[in-house]
Amino acid sequence: MIDLRESARNALKACGVEDAALTGGLTVRTPLTGAELASVRESTDVDAAVAAAHAAYQQWRTVPAPVRGALVKRLGQLIDEHKDDLATLVTLEAGKIRSEALGEVQEMIDICDFAVGLSRQLYGRTMPSERPGHRLMETWHPLGVVGVISAFNFPVAVWSWNTAVALVCGDAVVWKPSEKTPLTALACSALLDRAIAEAAAPADLHRVVIGGREVGEALVDSPLVPLVSATGSTRMGREVGPRVAARFGRTLLELGGNNAAVVTPSADLDLATRAIVFAAAGTAGQRCTTLRRLIVHASVADELVGKLTTAYAKLPIGSPLDSGTLVGPLVDRAAFDAMAAALDQARADGGEVLVGGGRREVDGDGYYAEPAVVRMPSQTDIVRTETFAPILYVLTYETLDEAIALHNDVPQGLSSGIFTRDQQEAERFLAADGSDCGIVNVNIGTSGAEIGGAFGGEKETGGGRESGSDAWRAYMRRATNTVNASGQLLLAQDVSFL
Ligand code: NAD
């Protein structure tokens with residue numbers, strides 16, 4: 001029997017976390033058994049951390065971007081060297097199965113690669129000036145300290161999406177990880193500290209502050225934090241957004257999703273089944289992009305539901321340390337209670353739980369839920385709510401217009417998919433009057449995005465975009481420059497004055 005505390009301690013030590021960081025008042029529990037993994041010290045002076053990071057930023061902003069890229073390159077190498085250690089911590093703290101934990105760490109390596117390339121591509125534009133002998137252009141400058149607030153379910157990837165990009169953009173970062181996953185944060189921070197020391201970059205370029213909501217609030221309210229990138233529930237975003245806006249700061253919000261897939265009569269149902277089971281039951285339903293609603297054409301609904309319930313009944317649920325397991329634990333008892341309450345409400349609304357919904361006794365106080373498929377008569381309030389657990393609601397439709405209307409009739413707008421072999425249907429779903437989400441897929445599930453694209457969603461998902469494409473612009477400020485080399489003063493729009 002593997003000693004989970006020992007395993008966590010070894011992984012932390014390998015990443016360079018000192019024992020002194022592992023004494024304090026915040027108890028860290030593992031969702032695998034509910035037992036204590038470690039205790040860590042909570043941060044008491046967020047303002048001091050921000051001030052130190054701000055001072056580091058003032059040096060870092062003048063370092064050429066490709067040189068900043070070299071730091072991120074080293075960070076990527078160190079993460080690669082410690083891939084196993086980080087994945088172990090992700091499994092122990094967030095409960096992910098091994099391949100998903102390794103996948104999350106791979107995302108960190110990928111975004112570092114991306115950011116290194118980006119460090120030579122922070123392009124501004126030049127525009128033709130209306131005045132002879134003038135040049136009109138834009139320059140992108142570093143922004144300042146980026147406050148990163150992250151959720152428990154992607155304890156390392158979300159940090160790396162923000163931090164790798166922010167660092168090449170010339171910013172400093174202060175990170176407030178979830179209070180449920182501070183160990184992974186300490187490990188990442190130790191690796192970055194090492195890369196910073198080796199690159200002779202300013203030591204306070206990155207600081208981690210540990211604690212709950214109050215620690216996050218101090219970041220949110222700090223005037224030295226021009227951008228708060230916050231990932232978590234819509235409830236959290238509703239509090240954070242207006243507070244940052246009140247001081248004219250910027251937010252990048254990555255909030256809850258209530259993702260759906262439409263399955264049309266022409267779909268390859270075997271391919272769809274595999275994609276749906278991974279998207280809906282994978283990560284025990286604890287991804288922001290987890291598939292929560294299935295909108296199936298009435299003519300194929302029974303066949304598809306049959307395939308799904310068969311697959312669900314065979315899902316290996318158990319310890320994520322066992323190699324055969326595909327569904328690990330929920331993060332804690334509150335998550336299981338929320339799932340049970342949602343299922344009760346669905347039943348009260350006329351829904352039928354076709355499979356799953358119970359608790360499996362696996363180990364100690366771990367909350368292992370059986371992923372559930374629930375056939376619903378209509379899209380009731382509980383279906384329109386994000387329950388962060390493996391519940392898949394099934395609805396049926398007759399026309400594609402009806403399917404798209406159902407699809408979009410939820411407050412959230414993160415990820416979506418359509419399963420079809422009909423190009424017209426696929427194009428309709430991708431079009432302006434199709435899915436209203438930030439991520440719109442064809443013949444692939446809603447979860448498991450690649451880092452090359454911009455990640456995020458609309459409506460109550462918050463509107464932020466992180467990771468690839470041009471998401472870097474959120475981490476910089478733009479200056480528009482007009483340079484007069486004509487030797488005369490020519491006013492725009494032919495205005496004459498003096
Ligand atoms: P949560 O909202 O409970 O906590 C997220 C983080 O916000 C934590 O670090 C928490 O301490 C902090 N926080 C909470 N209230 C705060 C406040 N008022 N001010 C400052 N900080 C505050 O979320 P969770 O349970 O950790 O994660 C699950 C949620 O996150 C789900 O809703 C999921 O969809 C969402 N999520 C979204 C994305 C995305 O990219 N859209 C990614 C991962 C998770």
Side-chain angles (χ1 to χ4, degrees), residues 26 31 42-43 46 90 93-96 104 107 147-162 174-182 184-185 208-222 225 228-244 246 249 251-259 283-292 330-335 338-339 342 385-390 410-416 437-439 446-449 451 453-468 471:
L26 180 66
E42 286 188 78
S43 303
V46 178
V90 170
E93 265 195 328
K96 290 193 184 185
E104 181 170 351
E107 269 190 53
V148 176
I149 297 174
S150 57
F152 81 86
N153 68 316
F154 270 94
V156 293
V158 167
W159 166 75
S160 69
W161 294 357
N162 283 285
V174 177
W175 180 21
K176 209 289 293 168
S178 166
E179 53 275 43
K180 293 176 185 166
T181 56
T184 43
V208 62
V209 289
I210 303 280
R213 168 192 300 220
E214 330 67 54
V215 173
E217 283 170 351
L219 262 188
V220 163
D221 291 336
S222 171
V225 178
V228 175
S229 175
T231 300
S233 58
T234 295
R235 179 205 57 74
M236 177 275 285
R238 235 186 261 292
E239 289 166 13
V240 166
R243 276 174 87 146
V244 178
T251 47
L252 198 166
L253 297 177
E254 299 279 352
L255 311 175
N258 190 356
N259 318 293
T283 333
Q286 298 171 112
R287 288 194 189 213
C288 51
T289 50
T290 289
L291 181 63
R292 309 202 180 278
L330 291 177
V331 70
D332 54 20
R333 181 189 179 143
M339 177 172 176
T385 305
E386 180 197 48
T387 301
F388 214 55
V410 292
Q412 313 82 354
L414 181 52
S415 186
S416 59
C437 288
I439 298 170
T446 50
S447 65
I451 61 96
F455 182 93
E458 303 300 328
K459 303 193 289 186
E460 288 190 2
T461 303
R465 292 296 186 278
E466 278 177 0
S467 192

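Numbering of ligands and ligand atoms starts at 1, following listing order.
Remark: minimum distance from atom 26 (O) of ligand 1 to any protein heavy atom is reached at F152 N, 3.1 Å. Here the heavy atom of the protein found nearest to atom 28 (C) of ligand 1 is F388 CE2, 3.7 Å. Counting protein heavy atoms only, atom 5 (C) of ligand 1 is closest to T231 O, 3.6 Å. For atom 18 (N) of ligand 1, the nearest non-hydrogen atom of the protein is E239 OE1, 2.5 Å.
Across G464, A218, C288, heavy-atom proximity to atom 42 (C) of ligand 1 is greatest for C288. Among P155, S233, G462, the residue whose heavy atom lies nearest to atom 1 (P) of ligand 1 is S233. The nearest non-hydrogen atom to atom 9 (O) of ligand 1, considering only S150, G212, A151, comes from S150. Across the listed options R213, R465, E179, E179 owns the non-hydrogen atom lying nearest to atom 10 (C) of ligand 1. Of the candidates M236, K180, R238, R235, the one placing a heavy atom closest to atom 3 (O) of ligand 1 is R235.
Residue-to-ligand polar distances keep N153 apart from ligand 1: every N/O pair is separated by 3.5 Å or more. The shortest N or O to N or O distance between E386 and ligand 1 is under 3.5 Å. Ligand 1 has no nitrogen or oxygen under 3.5 angstrom from a nitrogen or oxygen of V220. Not a single N or O atom of T234, backbone or side chain, sits closer than 3.5 Å to an N or O atom of ligand 1. Between V158 and ligand 1, no pair of N/O atoms sits closer than 3.5 Å.
With hydrogens and angles disregarded, a donor-acceptor distance shorter than 3.5 Å links the side chain of K96 to the backbone of N153.
Using a 4.5 Å heavy-atom threshold, the side chains of E239 and R213 count as touching. Under the 4.5 Å side-chain criterion, counting only non-hydrogen atoms from C-beta, V90 is in contact with P155.
Residue contact check: E217 has heavy atoms under 4.0 Å from atoms 18 (N), 19 (N), 20 (C) of ligand 1. Taking every non-hydrogen atom of S178 and a distance limit under 4.0 Å, the qualifying atoms of ligand 1 come out as 9 (O). Near P177, the atoms of ligand 1 lying under 4.0 angstrom from a non-hydrogen atom of the residue are 9 (O). Atoms of ligand 1 found under 4.0 Å from any heavy atom of V240 (numbered from 1 in listed order, with element): 19 (N), 20 (C).
Under the rule for a ring pair (Phe, Tyr, Trp, His ring centres under 6.0 Å), F154 has no partner lying at least two apart in sequence or in another chain. In terms of the ring pair (Phe, Tyr, Trp, His ring centres under 6.0 Å) criterion, residue partners of W175 (sequence neighbours excluded) are, by chain and number, W159.
A distance of 8.0 Å separates OG of S160 from CD of E104, quoted to the nearest 0.5 Å. Of the inter-residue distances, the one linking R238 atom CZ with S233 atom OG reads 9.5 Å to the nearest 0.5 angstrom. The CZ atom of R465 sits 7.5 Å away from the CD1 atom of I439 when rounded to the nearest 0.5 Å. Between D221 atom CG and R243 atom CZ the span is 4.0 Å, to the nearest 0.5 Å. One finds the CE atom of M236 at 6.5 Å from the OG1 atom of T231 (value rounded to the nearest 0.5 Å).
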